[in-house]
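Structure first, then comments.
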Amino acid sequence: MNRYAIFCFISLLLVGTALTGCTLRETDSRIEEAESNTIIYLKENYYDISEVTVTNTEKNPMGLLVLSGYLNNDKGKEFSVNYDFNQKDVISGGVDAELK
């Protein structure tokens with residue numbers, strides 16, 4: 001009986017680890033998609049943006065992804081925007097650039 005319990009515990013541990021790994025890969029691809037869509041959004045909606053550098057991504061308590069970084073290789077021109085995974089678009093934020 002003791003061997004059976006140990007076997008079940010190890011099996012559950014391995015299955016849980018595998019499922020967590022799949023979730024992390026999915027999250028990484030969703031973050032890459034959010035970064036790509038955010039870069040497109042910034043270039044289409046603001047003047048004189050040629051380069052967007054994302055330095056930080058974190059999920060806020062409302063389920064939105066907060067992306068922050070700087071523009072045109074100038075660390076003084078910062079942005080921080082909220083990306084909604086459901087809408088697949090930037091919904092709010094601050095950008096140190098002029099709107100078109």
Going by atom type alone, with no hydrogens or angles, which donor-acceptor pairs under 3.5 Å involve a side-chain atom of residues 57-67 and a protein atom two or more places apart or on another chain?
unit_1	atom_1	unit_2	atom_2	d
Glu58	OE1	Asn56	ND2	3.4
Asn60	OD1	Met62	N	3.0
Asn60	OD1	Gly63	N	3.2
Asn60	OD1	Leu64	N	3.0

Which side-chain N or O atoms in residues 32-42 pair as donor and acceptor under 3.5 Å with protein atoms at least two apart or in another chain?
unit_1	atom_1	unit_2	atom_2	d
Asn37	ND2	Tyr83	OH	2.8
Thr38	OG1	Ala34	O	2.7

Exercise. Any chance you could measure Lys77, atom NZ, to Ile49, atom CD1, to the nearest 0.5 Å?
Key: 8.0 Å
Quiz item: Taking only residues two or more places apart in sequence or in another chain, which ones pass side-chain contact (heavy atoms from CB on, under 4.5 Å) with Glu78?
Solution: none
Quiz prompt | Set of residues satisfying side-chain contact (heavy atoms from CB on, under 4.5 Å) with respect to Asn86, sequence neighbours excluded | solution = Asp84
Quiz item: Is a side-chain N or O of Asn72 found less than 3.5 angstrom from the main chain of Asp74, in a donor-acceptor match?
Solution: no
Throw together a table of side-chain donor-acceptor distances under 3.5 angstrom for residues 87-100, partners on residues two or more places apart or in other chains.
unit_1	atom_1	unit_2	atom_2	d
Ser92	OG	Asn82	ND2	2.8
Lys100	NZ	Lys43	O	3.4

Quiz item: How far apart are the closest heavy atoms of Phe79 and Leu71, and which atoms are they?
Solution: CD2-CD2, 3.7 Å
Self-check item: ring-ring contact (aromatic ring centres under 6.0 Å, His included) contacts touching residues 44-75 (sequence neighbours left out)
Solution: none
Exercise. Under the side-chain hydrogen bond (donor to acceptor under 3.5 Å, both in side chains) rule, collect the residues that match up with Asp48, sequence neighbours excluded.
Key: none
